[in-house]
Amino acid sequence: MKSLIEFIRETYQTNEFIPLHAPTFPGNEQAYVAETIASTFVSSVGKFVIDFEHKIESFTGSPKAVATSSGSSALHTALYMAGVTSGDLVITQALTFVATCNTLYHMGAAPIFVDIAKTSLGLSPHAVQAYLEEYGVIDEHGLCTHKETGQIIRALLPMHTFGHPVELDELAVICHRWNLVLIEDAAESLGSFYKGKHTGTVGDFAALSFNGNKIITTGGGGMLLANSQSSGERAKHITTTAKVPHPFEFYHDEPGFNYRMPNLNAALGCAQMESLPLFIEQKRALAKHYQTFFSNSELQFVHEPSYAKSNYWLNAVICPDTQSRDRLLKSTNDNGVMTRPVWQLMHRLPMFKDAVRGSLTNSELIESRLINLPSSPATIGLTHA
Ligand SMILES: *Cc1c(COP(=O)(O)O)cnc(C)c1O
């Protein structure tokens, strides 16, 4: 069998270093960014911000999208809108990028880590259900509280790992039953659909990210998706300093944030959105190419769940054990092909080491065996077109 390194080099047709994920700018990126500079509207006011929000709304079907300065600030806004406050608990997964939990920390809230499903690598409805049956209780105000700590469990925060959608219908039923706000960390899943619905549109709120390594980039930036026009408008208000519109007076009616996305970044986003269908096609073709390569291998390719259509943001394989994972990490990285292990589980980080948690069997297994593979859009597979 061809070695994995040879296979990846043939796929990308280069002898140079191959990164995990690099952005590409095949369309109007230069033109739109130049246009903002020529117009002088490079900052928080400008037509590209509105345009970009509308493009995301029509692509995802979200009733209201609000552009923000990062995925993290979109998450902060979503949690704030959900009423998460100091002392609250939020159920999330331990297998995620640290940004999912950082915002909770800064709000004085804390995560509860519950296990992932093997099929999605995201929050497992069975594990959440079992956890709540053991530790959740509805108090006299109808709020879900934690039996042992007495804290309010305010929200459920699943993350669509590497772009693969979690089981949203099942999680939504649990949220309804336990009175939890459903917030989707959809930072990695622009272009991924759950039973025909775009990720981020099932929950009450969601956050997208346009950081440089995501499927499209604005340099840095994010987007909050709201499931109603009115909550979206309030989110826009608080992310823009809560200023009440007036020709000259400064009046702000609540504590706001300055989480606006600059027009300069939105210009890049508008151009990238024009290429998003191409990127998704390229990434799905690349995933299929990997999947075929690994079909007779002891490495198990991570494919989309049967109920979903994934953007395959990052390709991944699960190794038979930790030793073989470490050998593969070393040989690829030594040969200029970037691969990396998955994030260390959140409860291993100093700031979340005391977090309340359930059993994390699947999370631990994936943590010790998974490797991400180079996933930049390649032209492979498009030759059939
Ligand atoms: C990228 C990412 C974020 C944060 O996005 P930024 O735009 O970098 O703030 C949040 N959650 C997950 C899972 C991510 O991958």
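Position 1 is the first residue of the sequence; numbering continues from there. In listed order, ligands and their atoms are each counted from 1.
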Whether Tyr131 and Tyr135 hold their rings parallel, tilted or perpendicular, with breakpoints at 30° and 60°:
tilted
Check: For ligand 1, is Ala74 a contact, meaning one of its heavy atoms is under 4.0 Å away?
Finding: no
If you scan protein heavy atoms around atom 5 (O) of ligand 1, the nearest is Ser209 OG, 3.2 Å
request  = Step through the shown structure and confirm whether more than 12 heavy atoms of other residues, nucleotides or ligands are within 6.0 Å of OH on Tyr80.
outcome  = yes
Among non-hydrogen protein atoms, atom 9 (O) of ligand 1 lies closest to Ser72 OG, 2.6 Å
Thr100 heavy atoms within 4.0 Å reach ligand 1 at atoms 11 (N), 13 (C)
Atom 8 (O) of ligand 1: of Thr161, Asp185, Asn211, the nearest heavy atom sits on Asn211
- Ring centers of His246, Tyr251 separated by less than 6.0 Å: no
message = Just by distance, no angles: are the side chains of Asp253 and His237 close enough, under 3.5 Å, to form a donor-acceptor pair?
response = yes
Worksheet item: Under 4.0 Å between a Lys/Arg side-chain N and an Asp/Glu carboxylate O for Arg177 and Glu133?
Response: yes
In ligand 1, the atoms that come under 4.0 Å of a heavy atom of Gly221 are 7 (O)
Atom 3 (C) of ligand 1 sits nearest the protein heavy atom Ala187 CB, 3.7 Å
Checklist entry - Is there a nitrogen or oxygen of Met159 sitting under 3.5 Å from a nitrogen or oxygen of ligand 1? => result no
Side chain Asn211, main chain Lys214, donor-acceptor under 3.5 Å = no
closest protein heavy atom to atom 10 (C) of ligand 1 is Ala99 CB, 3.5 Å
min-distance protein heavy atom vs atom 15 (O) of ligand 1 -> Glu188 OE2, 2.6 Å
Could an N or O of ligand 1 be found under 3.5 Å from any N or O of Trp313, whether backbone or side chain?
-> no
TODO: Verify the distance criterion only: is there a donor paired with an acceptor across the side chains of Ser295 and Thr292 at less than 3.5 Å?
DONE: no
Closest to atom 2 (C) of ligand 1 among protein heavy atoms sits Lys214 NZ, 2.9 Å
Considering both backbone and side-chain atoms of Thr96, is one of its nitrogen or oxygen atoms within less than 3.5 Å of a nitrogen or oxygen in ligand 1? no
So, His160 side chain and Val166 main chain: donor-acceptor pair closer than 3.5 Å or not? yes
Quiz item: Are Leu180 and Met107 in one and the same hydrophobic cluster, where Ile, Leu, Val, Met, Phe, Trp and Tyr link if side-chain heavy atoms are under 4.5 Å apart?
Solution: no
